Amino acid sequence: MEVLPHFSHVHPLVFNDGRSHESEEVYCCACGELVSGPRFSCVDCGFHLDKNCAEAPVEMNHPFHRQHNLKLMTSSPYVEGNTICNFCNNRCEKFVYHCSCNLDFHIKCAFLSYNFLVKDSRELVLQDKPISSECHSQELKRVLCFACQKSLLGSDYISPDSGFYLHKKCSDLPLEISHLSHRHHSLFLQFNSDHLPCKICFEIQLHRGLVYCCSICKFVLHIECVSPPPIIEDPSTHEHPFTRCLRELSFNCDVCGTLGNYVSYNCSTCSLMVHKKCISLPRFIKSLWHDHPISHKYFVVDNECTTHDCPLCHEEVNMACGSYNCSKCKFIIHVNCALEDARCYYKISKDEFDKLLNAMLEVGTMNPSFFVRNMIKVGEKMINMEIEHFSHQHNLVLSDEVKERRYCDGCSQLILTSFYCCLECDFFLHKSCAELPRKKQILFAFHQDPFVLTPTCIFICSHCGVLSSGFAYKCEVYLCKDHLCVRCAEIAFSYMSGGHEHLLLLYITYLGGYCNACGGSIGGYKAYRCKACDFNVHYGCLTSLPQTTWHKSDRHCLILTYHEDNDYSQYHYCDVCEKERSPNTWFYHCPICDNSAHLSCVLRGSQFLKRGIKIKESDHPHTLMIVEKVYDYPECHKCGHRCMDLALECLDAECKYIIHWECSTTFQYIRSA
């Protein structure tokens, strides 16, 4: 009786040839498969190993991973998370061959990949008929060649019983090659365990697949990049063919402006050197990062752009190399920044470029928000103007006299500068809000159709998430029906704030740092930052904090204040909540009463909801008005608690109905009479 001591089990394992008809159905504890032949077993423990698994070496010198030996382990080597096989991409729940390079294989997958190397025909079965679109299952059409990670459609392929597939041509790949782009060492067919990018196409195979690699120099070539085409022609992007130069030679790509080191494609007619992947980049695109469509240029001169900095990464664009440019706005952006996220742009033709540009230049000029009905001038000075605005049924008159506390019906903010007013009812618009275009192309919007300015809305802004009333830019074409406040509709890549002496630049995603306005973590959100200083502000803090506001605790206006001039620690308290206030963050201050307050204590998330708006609520028959109770705090008719902040109050004097804003259900905005 043959006995085998095995490291994975405390008892010796006894050999069973599997010929007995009375043998029970057992599964291998190493690979998890049904054992149909010889095995080693511990009958008392019910522990079984297939003969091949039992005789597997404790360490394997695998030719696809020459750096280290693979060690056989009985369970996952990781404390947390699942172990994924780098060969079949499935979970490893039994024995696993493991390397500290985070390379893992099922025990059977390690043997299969090794057999591929030694061309063991007993394990690999040639399929004579290539996969086509007419035959084979849909699942088979989706599988990829293990080696090159390309589709099997239209190719002869090899398939063992385990469900891994190889192109016939990939099964004949040499294990070692010499290559003109790397003349120092040989390249070996390897697993790309370090996830290194290919030196020719610059892409990374994140999961399975083989590459030709020099582990000494960390040099990697994808299988399909070993022999790139000698000539590439693409008339849609360039009028001349590009010829391959397979040599280790540093160059700046004339399409994207970044460095290349190994393989260049050259146009001798235009004196261009480019990456292979850059030959097919689109000449014209519509990008989320600019109002107008933009076109690719191989170089840009000074008078074709207002700044040399890319608006996304805020690094300088090399003007002598390729970039995307808008000649109308003198806008410039790195090629790789513009194309980094495929969701943020789409390719267009030259005809589509011209039509789209002309259409966007007409937006706003063809759809004005108002018409001038009367204008009075004394010399060159305009002393009065009367307009008809689409948002109101009466004409509006321009005024510069700000005598009392009034709020704009467009942005819901205090009016402190020139404004239009209605002489027949309480309707007011900042001059800037009255002049907003009726249609606008919104920056950063995935929907490329213009948004439409819509009056009398109560909504949550899709960009900043702030509850707002008044004007909204609304997407009327797509099902999402996004609403944007007028502040977010004017989002800019740079911003000058009273809270900092330098220009602040918009970063779409910033992972580190704290907000100098509110003190909270930036945490991967949009933020404005200063390149020269460690100064960061949340996008929302810069766009959603009114410069001047009002709070019931003070009869005067409160001013947004950026610096605390008083060093006396007893002074650093909030006069609303009476808790300590950080001297390093922004706050609201009344210079007359010398009162200071936290931003959150003053605003409470309703700073852009205009008081005095009339609405109809489904649960009450009369018209309600948005109010903020100052002294008298009646009980809410729904929850019973006192209405100490924002509330909806019935305009019928005899009704006495009042509820918290948060207790309201569905309602309808009522236009001013």
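Note that the structure is a prediction, hence the values are computed from the model and not measured.
Taking NZ from Lys531 and NE2 from His502, the interatomic distance works out to 13.0 Å, rounded to the nearest 0.5 Å. Atom SG in Cys461 sits 9.0 Å away from atom CG in Asp482 (nearest 0.5 Å). Expressed to the nearest 0.5 Å, how far SG of Cys305 lies from NZ of Lys330 amounts to 8.5 Å. Rounded to the nearest 0.5 Å, atoms OG (Ser295) and OH (Tyr324) are 9.0 Å apart. Ser412 contributes atom OG, which lies 6.5 Å from atom CG of Leu609 (distance to the nearest 0.5 angstrom). Between the SG atom of Cys574 and the CD atom of Glu580 there is a distance of 11.5 Å, given to the nearest 0.5 Å.
Within the 4.5 Å cutoff, no side-chain heavy atoms of Ile658 are placed close to those of Leu648. The shortest side-chain heavy-atom distance between Leu504 and Leu542 falls under the 4.5 Å cut-off. A 4.5 Å side-chain heavy-atom check between Trp661 and Ile626 finds at least one atom pair inside the cut-off. Using a 4.5 Å heavy-atom threshold, the side chains of Lys286 and Leu356 count as touching. With a 4.5 Å cut-off on side-chain heavy atoms, Leu453 and Lys440 do not count as touching. At a threshold of 4.5 Å between non-hydrogen side-chain atoms, the residues Thr623 and Cys650 do not count as touching. Contact of the Ile333 side chain with the Pro311 side chain is registered, since non-hydrogen atoms from C-beta on lie closer than 4.5 Å. In this structure, Tyr539 and Tyr528 have side chains that are in contact, with non-hydrogen atoms separated by less than 4.5 Å.
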| request: Let me see the working for Phe390 and Ser369 under side-chain contact (heavy atoms from CB on, under 4.5 Å), right down to the final yes or no. | output: CA-CA 6 Å; Phe390 84 99; Ser369 297; 4.0 Å; yes
| field | side-chain contact (heavy atoms from CB on, under 4.5 Å) assessment of Ile387 paired with Asn395 | value | CA-CA 6 Å; Ile387 66 169; Asn395 287 354; over 6 Å; no
| request: Apply salt bridge (charged side-chain N to carboxylate O under 4.0 Å, His left out) to Asp354 and Lys350, showing your working. | output: CA-CA 6 Å; Asp354 294 334; Lys350 179 64 169 66; 2.9 Å; yes
| message | salt bridge (charged side-chain N to carboxylate O under 4.0 Å, His left out), that's the test. Do Arg581 and Glu564 meet it? Break it down for me. | response | CA-CA 10 Å; Arg581 177 176 55 81; Glu564 178 60 83; 2.9 Å; yes
| message | I'd like to know whether Gln441 forms a side-chain hydrogen bond (donor to acceptor under 3.5 Å, both in side chains) with Asp291, so could you lay out the CA-CA distance, the side-chain angles of the two residues, the decisive distance to 0.1 Å, and finally the verdict. | response | CA-CA 6 Å; Gln441 189 71 31; Asp291 293 342; over 6 Å; no
| request: Could you walk me through whether Leu414 and Arg405 pass the side-chain contact (heavy atoms from CB on, under 4.5 Å) test, one step at a time? | output: CA-CA 7 Å; Leu414 274 172; Arg405 186 183 298 158; 3.3 Å; yes
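Using a 4.0 Å cut-off between charged nitrogen and carboxylate oxygen, Glu404 and Arg406 count as a salt-bridge pair. Between Arg373 and Glu388 a salt bridge is recorded (basic side-chain N to carboxylate O distance below 4.0 Å).
Taking the six-membered ring wherever Trp is involved, the centroid distance between the rings of Phe284 and Phe353 falls below 6.0 Å. The ring of His500 has its center closer than 6.0 angstrom to the ring center of Phe535. Between Tyr507 and His314, the distance from one ring center to the other falls under 6.0 angstrom. The aromatic ring centroids of His430 and Phe428 lie 6.0 Å or more from each other.
Side-chain contact of Arg611 with Ser469: a donor-acceptor pair under 3.5 Å is absent, judged by distance alone. For Ser418 and Asp400, the side-chain atoms include at least one donor-acceptor pair closer than 3.5 Å.
The stretch residues 575-602 participates, sequence neighbours left out, in these ring pair (Phe, Tyr, Trp, His ring centres under 6.0 Å) pairs: Tyr562-Trp586.
Enclosure of atom CD in Glu340 is not indicated, since only 12 or fewer non-hydrogen atoms of other residues, nucleotides or ligands lie within 6.0 angstrom. Residue Tyr510 qualifies as enclosed at atom OH: its count of foreign heavy atoms under 6.0 Å is above 12.
Between Tyr657 and His620, the two ring planes are parallel [angle under 30°; tilted spans 30° to 60°]. By the 30° and 60° cut-offs, the orientation of the rings of His389 relative to Phe471 is parallel.
Remark: the backbone N or O of Cys663 is paired with a side-chain donor or acceptor of Lys638 at under 3.5 angstrom. Side chain of Asn325 to backbone of Phe331: a donor-acceptor contact under 3.5 angstrom is found. Although no hydrogens or angles enter the test, the distance criterion places a donor-acceptor pair under 3.5 Å between the side chain of Arg642 and the main chain of Tyr633.
Smallest separation of non-hydrogen atoms from His660 and His641: CE1-O, 3.3 Å. Here the closest non-hydrogen pair linking Leu646 and Ser606 is CD2-CB, 3.8 Å. Counting all heavy atoms, side chain and backbone alike, His637 lies closest to Lys656 at CE1-O, 2.9 Å. The two residues Leu281 and Val335 come nearest to each other via the heavy atoms CD1-CG1, 3.6 Å. Arg487 and Cys411 make their closest contact through NH1-O, 4.5 Å (heavy atoms, listed as atom of the first residue, atom of the second, distance). Taking every heavy atom of both residues into account, Leu506 and Ala492 meet most closely at CD2-O, 3.7 Å.
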